Amino acid sequence: MTMTDGLPNTPSPALAADELPTTYRAADVESALYARWQAAGTDVASAARVDRMGGARQPYTIVMPPPNVTAILHVGHGLNNTVQDVLIRWRRMAGDEVLWLPGTDHAGIATQNVVEKQLAAEGSSRQALGREAFVARTAQFVETTGGEILNQLKSIGASADWTRTAYTLTEPMSAAVTEAFVRLFEDGLVYRGHRVIHWCPRCMTSLSDEEAEFNDTQGAMYHIRYHVAGDPSRSIVVATTRPETLLGDVAVAVNPTDERYTDLLGRELVLPLNGVHIPVIADDYTDAAFGTGAVKITPAHDPNDFEVGMRHRLATPVIMDAEARMNGVGEAIDRVPPELRGVDRFEARERIVNMLRDVGALVKIEPHAHSVRHCYRCDTVVEPRLSDQWFVKMAPLAKPALEAVRTGRIRIMPERWEAVYINWLEGIRDWNISRQLWWGHRVPVYYCDSCGTTPKASRTPITTCTECGAPARQDEDVLDTWFSSWLWPISTMGWPNENADDLKAFYPGDVLVTAPEILFFWVSRMIMSGYQFMGDAPYHTVYLHGTVRDMQHRKMSKSLGNGIDPLDVVKLYGADALRWTMVAGMGLGVDVLLDPTDLDKSFAPGRNFLTKLWNIGRFLLTKVGTDAVQPLSAIAPDALTIADRWILDRLDGAIADANAALGPVRPGPTGRWTDAERTMGMRLDAYADAGRHFVWNELADWYLETVKPRLAAGGADADVARAVLVHCFDNALRLLQPVIPFITHTLWAKLPALADGSARGGEFLCTAAWPDARSTADSGDAFELVRNATLAIRQIRNEYKVKPGRFIEATLVPATSDAASAPLLIETIGALTRANLSLHTAGDVPSAHQVLPGGTEVVIALAQLRDELSAEDTAKEAARLTAEIEATQKLLDGVRAKLSNESFTSRAKPEVVDGARAQERDLAQKVDALTRKVEAL
RNA sequence: GGGCGAAUAGCUCAGCUGGUUAGAGCACCUGUCUUACACACAGGGGGUCGGGGGUUCGAAUCCCUCUUCGCCCACCA
C-alpha cells in the first residue's frame, strides 16, 4: 500500500455545503462561464499553430452556415449550431487547432423584403426612396438590428471564433464576389442569356430554378376552341392551365405524326378575344396523347414554348408587366383588349374565362392537379417571364464536384443523399445569378450607352468608357445572395488573397453541417467554387441533419405557430438541457420531434440527465472531500479491487464507444474516404449515450453504491477508491463536455487536486484533454458476479414481495469459476440488496433459486419468505415456475438441436459455437434449479 | 415521369459485413421519500421485425415481389 503513503488515514474533509447547491441552476452558471471562455480566448484559432504553417497541430475547420443577418434564433439554428459546437468542442479537446468560423448572410431578397415592408408601413416605397437611399436605409437597418442571432448563439454555448465573424456584404466579401464574377466572365463561364426565367411579381425579381419551389396545387385545365381563319367550321381545341396567356400565343403546335391535324398544318387560327392570327405548326414537343394533342405556344411566358418558338422563329410578345398585370410590352399591347389592361393575372384569368364562355370558345373546364412554382421567399406564384439575365455555365463546374463525391474526396452523410447529389449534378442547369433587387452585390459589368461597345466585367469600377470616353454605366442588377454564399468557405478566409494565413492554414476545411434543404442551393455550389477557385473541395464531410418538427411531424414555422424558442428553453432549463435533448434525440439524418405545447416533456431527457449528473457530482464530490487525490497512475495495480477494475474497464469501454461513434475524424493519407469509412462516425446520439450510460448506469448505479463502505472505512483503500472515483468522474466529464459544456465544467472545477501536484488540464474543461483509454488490458469481468447476484436477489425480493427495508438471509453457492472472487464480493452484494449473505454449498431446504450466468447460484430459503405469501400466491408461483421451466426447456431443446447439427458446428464462427455451448450449459442449469425450486414449493 | 429511401414494442428510433432468448429512450404497470437524486430508485408487462415468396444448417439482416408511407428531381401544356 505504498502508493498512499503520506496521505492521512482520516476521511477527507467534505466540501462546504454552499459550494454545491442541491439543485443545479443553469442561469447562475452559464452566462458567467461563457464570458470567462471569451475572456480567455478558448475558442480563438491560430493559423500559426497549424501544421500546414509549421505548427504542431492538425487543423479542424467548420464554417458556420451563415444565418440571415436579420434572422432571429429558432430551434433549427439551435440544432444546427449545437451539432457543429459538439464536433468543434470534441476536436478542440482532442488537440486539433480548431476553427469554427461564424458569420451572417445579407440575404438579398429576404432583407430587402423586410425593409420594403417597413417602408410600406410608413407609406413609402423603395422606388420613392431611390436606390442609394434605400440601400443606405437597409444597411443601417442591418447595422442596428442585424447580427443579433450571433449573440443568441452565444447563449446556447456556441464556441465559435467570434474574432473572425464575417458578413457577406462587407468590403472583403464584395472583393471576393467581384473577383469570382470577373474570373468566370473572363473564362466564358458567366454569360448574358435571353430566355424565360422564373419571375416573382411580388419581389419584382428573377429567381433561380432552386428558388422557385414546386407546390402541388389543385388547378383546372381549360379547353379552348381556336377557329381556323376564314373557315369557322374548322377549329382546334387547345388545353391550358393558364388561359390568360392565350393573348400572347403565337402558334398552336401539334405532333407531326398526329393525323388528326395534318390537314391543318400551315393554316392560321384566330385567337379568341384579340383576333390575332397564329399558325398551326408541327413540333415533337407536343404529346398527341395528352389533352387535346394541341398546345398553344406562348414563348414569352413559358420556357418550353420559348424553345418551340426559337425552333420556329416565332415572335415573343410579352403580355404581362413586371407585377404580373395584363399589359403589353411594346407592340404587344395591341394583343391585350383594353378592358383587361392593368388587370392582375388571376383576376384576368377569371375574366378571360368568362369572356371565352360568352363568345362560345370555352369548351370545358376540368379539374387538374399539377405543380406550380412559388417564390421561396414570399410564396407568390412565380410567373415565367422572358428577360435578359446573367447565367453561370454549370456543367464545367459540376464535373469536379461530381468526381469529389464519386472518388471519396467528399462523403455525404447520411449516404443516401449522395445519390440525390449526383443525380442533380448530372442534370445540372445553368444558374441565373442576376436579381432585379437593390440589396446585394451589384453585378460588376459596365456598359457604354454612347458607343455601345461590348459590356465589360471589371474588378474596379469603370466610370468612363475605355473606347469613347463617355460616361460608363454599371449593370443595375445585383447578384443572387447565393453567389456570395457559395464563396463562403474561401472568402471568409481571405480569398482571393491566396497567401492569406487563414486560407493556407484552414483551407480545405473538414465538415459542413447543414440541413438537406440547401444541398443544391449552397452545399454543392460551395464544392464547385472550391474546385474552381482553390482547386480543392472545401470539406471532406457533409453532414446533413434532420429537421425539428412538432408532434404532428410538421416543420416548425412562424406561420403555423408551432415553433419553440431556444432562448425560452435556455431560460427554463439551461443551454445544456437544450443541447443534450437535441443531440441525444437525433439519429443520423433523422428528424427531431419536439412538442411546442409541452416544453417540460420535450426537454425532459436533457433536464433529467443534468439533474442526475449534478446529483452524482454532488454526492461524489462530497464523499471524496477536498483532500488531494492520487493520480490513477500512482496507484499500484494490485491495490485495485474487483470493483475498481470493473469501473475502469467500463470507462475504457465508454471512451472507445464515444470515439467509435464520433470518428474517424478525417480521411487517411490518401485524402479519400474508403468505402468502409464513408458511413462511419458522426453518430452524435450514440456518442452522447455512451457518456450517459457510463456515468449513470455504471458509475452511479453500481460503482458509487459499492464504494460507500470503503470510503466510510477510511485508510489506504479509501484513498484508492477516491482516486478511482475522481479519475472516472473526471474522464466522464471530459467525455460529456462537448454536449453539455457548462455543467460539466462546473463540476470538473470542483474536483480535488492531484496529490503529485500535476495539473489536471488547465483552467477550463473545454481546453483540457480528451480522454484516452488505459493501456492495461485487465478486464473487470469478475465484478459481473456482483451485478448478476444483486439483480437475482432483487428479483426474488420483488417476486416474494419482501418489504424493501427488511433484511433477509441469502446464500451464494459459487461455481468454480467464481470461487476465488465470491468471498471478496459477498459483503458488497449484501449491501446492495439488504441481505445477510453467506457463502456455502446449497442445502436442501425449500428455497428460491436463481442461476447466474457462469453457474453460481443464489439461494434464499423460503421459510423466511413464507409468511409474506398466501396459499394462492404459492399456487400461482408454482404455475409460473412450471411455465418458465417449459419455456426454458424449449429454448434448451433448440440450442441442443442446433449443436447437434453438423453444418452449424462446422460452418459457424468458433465464437458463435462456443456461445451456443455456454448457453446450453446455462439453460440446463436453469432448468435444473427451477425444477428443484418448484419441488420445494 | 425519373431517382432514392423507409416500414422493428403505444411513440421516436438502434440493430455493422446473416449466428446467444431482437435492444434503447419516452410511455405503461407494481413497489419504494433506501441519509446524492421521486427530474429518483427497484422490479415488471409489451414486438409472429409491413404481406408473400426465395437463398441458407440458420434471415429483422441477403434476393424477388406486393402494399403503404416519405424525400429529391422533372418543361407534359
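Just so it is clear, the model here is predicted, and its values are computed rather than measured. The chains referred to below are lettered A, B, ... by the order of the sequence lines, with proteins before strands, and numbering in each begins at 1.
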Tell me whether the side-chain N/O atoms of [X] come closer than 4.0 Å to OP1 or OP2 in [N].
X	N	result
Arg429(A)	C75(B)	yes
His368(A)	A77(B)	yes
Arg373(A)	C75(B)	yes

Counting only Watson-Crick or G-U wobble pairs whose two distances fall under 3.5 Å, which nucleotide matches [N]?
N	answer
A24(B)	U12(B)
C62(B)	G54(B)
U34(B)	none
G43(B)	C29(B)
C71(B)	G3(B)

In this structure, how many angstroms lie between the P atom of U30(B) and the CD atom of Glu799(A), rounded?
18 Å
Picking from [options], which would you name as closest to the side chain of [X]?
X	options	result
Asn798(A)	G31(B), G43(B), U21(B)	G43(B)
Leu923(A)	A77(B), U21(B), C41(B)	U21(B)
Phe214(A)	A74(B), A36(B), C39(B)	A74(B)
Phe290(A)	G5(B), A77(B), C72(B)	A77(B)
Glu705(A)	U21(B), C37(B), C72(B)	C37(B)

Residue pair Arg896(A) / Leu899(A), side-chain heavy-atom distance below 4.5 Å:
no
Validation row: Tyr573(A), Leu578(A) side chains within 4.5 angstrom (heavy atoms):
no
Want to settle it: does Thr240(A) or Trp424(A) sit nearer the 5' end of RNA chain B, counting the closest nucleotide to each?
Trp424(A)
